[in-house]
Amino acid sequence: MSSASQSRPWDVHRLPCAEGRIFLITGGNAGIGYFAAEQLAATGAVVILGSRDATKAKAAIASIRSHVRGAHVRHLQLDLADLSSLKTAVDRLDLDQLDAVVYNAGVALDDLPRRETKDGHELMFGTNHLGHFVLTQWLAPLLSAASAGRIVTVGSFAARSERLDLGDLQSTQDYRPKRTYGRSKLAQMCFGFELDRRLRAAGSTVLSVVAHPGGALDSLTPSRPPLHATAPGERLRALPTGLVVQGKDAGAWPVVRAVLDPEVQGGQLWGPRVFGLRGKPRREPVPSHMADPAVAARLWAASAELAGTDAHLGFR
């Protein structure tokens, strides 16, 4: 790469060409995942939307095709809350290699009671963290077959104020929905950083990167009917908050950069430029509680035991 191209500032509206590359986005039919898919489709890449709801995925694909001429996009039936289904889902991809996967899908509950997955795990921890943990094992051969595979974990600003309770990862003793959600995202982010440490130790060519969208509100997000529609009055009322936060289209920018930018390295954290809440994507320092190797090792061991997976997750 020339020094000129290295020094050129990243432009969220002029993304590099990615023709011939293949990207999978979990939860790509809505929110941050949808806009990441739409933006990545504009690079010429093949984009696969991993979603358990085929009807919503079909609507998302139609929307992407209406906004991106000639978009190469398809659906993969994927249910992260059903761990035993994930190998079959990856087999259905029918690919020789995968250039990047974005771990975006997530369940966010804000009311009682505590709910569980088919496997008996707390729903948010089981889907958001354990589902992606297990998925990594089955995607490992495809990512390793790519020249420079990437795993991009989408974290949350909410994880900054949380701490993992390693004795109660599934919130069986003290379930508070918003806190449990924040901890599930913290678990994902700790996993993303620990995964990169293990990939480097194994001499893998695959990178693990963490990105977060900052503060991303529906009311500041461009309409994509029938997926999402913002009424003019709603958008007008939300304009003052736009000084602090942003729409989900802009929330996808750090994720897209983490997938595409050749300058991005494993173990990095990417988020919005202004106070980590809004603006163009930049690299951020990793908070110490997300980078603690001792905590991450305990989380990893517990996750492998709960999910019944190989602790190497397919990377040797």
* Given side chain to side chain contact (heavy atoms under 4.5 Å, CB included), test Glu122 with Phe125 step by step and report yes or no. => CA-CA 6 Å; Glu122 187 280 317; Phe125 179 80; 3.4 Å; yes
* Among residues two or more places apart or on two chains, list those pairs meeting side-chain hydrogen bond (donor to acceptor under 3.5 Å, both in side chains) that have a residue in residues 21-34. =>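 Residue pairs with at least one partner in residues 21-34: Thr26-His132, Asn29-Ser51, Tyr34-Glu38, Tyr34-Ser63.
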Look up atom [atom1] in [X] and atom [atom2] in [Y], then write down how far apart they are to the nearest 0.5 Å.
X: Gln268; Y: Leu207; atom1: CD; atom2: CG; answer: 9.0 Å
X: Leu78; Y: Leu24; atom1: CG; atom2: CG; answer: 7.0 Å
X: Gln265; Y: Ser208; atom1: CD; atom2: OG; answer: 13.5 Å
X: Thr117; Y: Asp82; atom1: OG1; atom2: CG; answer: 8.0 Å
X: Met124; Y: Arg183; atom1: CE; atom2: CZ; answer: 11.5 Å
X: Thr88; Y: Asp79; atom1: OG1; atom2: CG; answer: 12.0 Å

Minimum heavy-atom separation for [X] to [Y], with atom names?
X: Trp253; Y: Gly279; result: CE3-O, 3.8 Å
X: Thr153; Y: Gly192; result: OG1-CA, 4.2 Å
X: Leu49; Y: Ala60; result: CD1-CB, 3.8 Å
X: Leu164; Y: Leu186; result: N-CD2, 3.7 Å
X: Tyr175; Y: Asp111; result: OH-O, 4.2 Å
X: Pro281; Y: Val12; result: CD-CG1, 3.5 Å

Using atom types as modelled and distance alone, determine if a side-chain donor or acceptor of [X] lies under 3.5 Å from a backbone N or O of [Y].
X: Gln246; Y: Leu217; result: no
X: Gln77; Y: Arg52; result: yes
X: Arg114; Y: Gln170; result: yes
X: Ser204; Y: Arg200; result: no
X: Asp119; Y: His121; result: no
X: Lys248; Y: Ala30; result: no
X: His212; Y: Gly214; result: yes
X: Asp96; Y: Leu142; result: no

* Check side chain to side chain donor-acceptor pair (under 3.5 Å) between Lys87 and all other residues, then give those that pass, not counting sequence neighbours. =>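 Partners of Lys87 under the side chain to side chain donor-acceptor pair (under 3.5 Å) test: Asp91.
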Does [X] belong to the same Ile/Leu/Val/Met/Phe/Trp/Tyr cluster as [Y], with side-chain heavy atoms less than 4.5 Å apart forming each link?
X: Ile25; Y: Ile61; result: yes
X: Leu135; Y: Leu299; result: no
X: Leu15; Y: Ile32; result: yes
X: Val73; Y: Val256; result: yes
X: Phe23; Y: Ile151; result: no

* Show the numbers, then the answer: is there a side chain to side chain contact (heavy atoms under 4.5 Å, CB included) between Leu95 and Ile48? => CA-CA 11 Å; Leu95 296 175; Ile48 303 167; 4.0 Å; yes
* **Derivation and outcome, salt bridge (charged side-chain N to carboxylate O under 4.0 Å, His left out), residues Arg150 and Asp99** => CA-CA 6 Å; Arg150 289 190 191 186; Asp99 294 280; over 6 Å; no
Side-chain heavy-atom pair [X], [Y] within 4.5 angstrom cut-off:
X: Leu109; Y: Thr180; value: no
X: Lys178; Y: Asp110; value: yes
X: Val295; Y: Met290; value: no
X: Leu80; Y: Leu86; value: yes
X: Leu130; Y: Thr127; value: no
X: Val152; Y: Trp270; value: no
X: His67; Y: Arg224; value: yes
X: Trp10; Y: Pro16; value: yes

* To do: Start with the C-alpha gap between Asp168 and Thr172, add the side-chain angles, then the distance that decides, and say whether side-chain hydrogen bond (donor to acceptor under 3.5 Å, both in side chains) holds.
  => CA-CA 6 Å; Asp168 188 25; Thr172 54; 2.9 Å; yes
* To do: Given side chain to side chain contact (heavy atoms under 4.5 Å, CB included), test Leu98 with Leu139 step by step and report yes or no.
  => CA-CA 8 Å; Leu98 181 67; Leu139 291 177; 4.0 Å; yes
* Would you say Arg115 has more than 12 foreign heavy atoms packed within less than 6.0 Å of its CZ? ->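 It does not: Arg115 CZ has 12 such atoms or fewer within range.
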* To do: Report, as yes or no, whether the 6.0 Å neighbourhood of atom CZ on Arg298 holds more than 12 heavy atoms from other residues, nucleotides or ligands.
  =>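 No, not enclosed.
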* To do: Could you give me the CA-CA distance, side-chain angles and deciding distance for Glu284 and Arg160, then say whether salt bridge (charged side-chain N to carboxylate O under 4.0 Å, His left out) is met?
  => CA-CA 13 Å; Glu284 295 182 4; Arg160 290 178 178 273; 2.4 Å; yes
* Is the Phe133 to Trp300 ring centre distance short of 6.0 Å? ->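 Ring centres of Trp300 and Phe133 closer than 6.0 Å.
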* Qualifying residues under salt bridge (charged side-chain N to carboxylate O under 4.0 Å, His left out), relative to Arg179, sequence neighbours excluded ->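 Arg179: salt bridge (charged side-chain N to carboxylate O under 4.0 Å, His left out) contacts with Asp174.
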* To do: Show the numbers, then the answer: is there a side chain to side chain contact (heavy atoms under 4.5 Å, CB included) between Val102 and Val259?
  => CA-CA 8 Å; Val102 176; Val259 171; 3.6 Å; yes
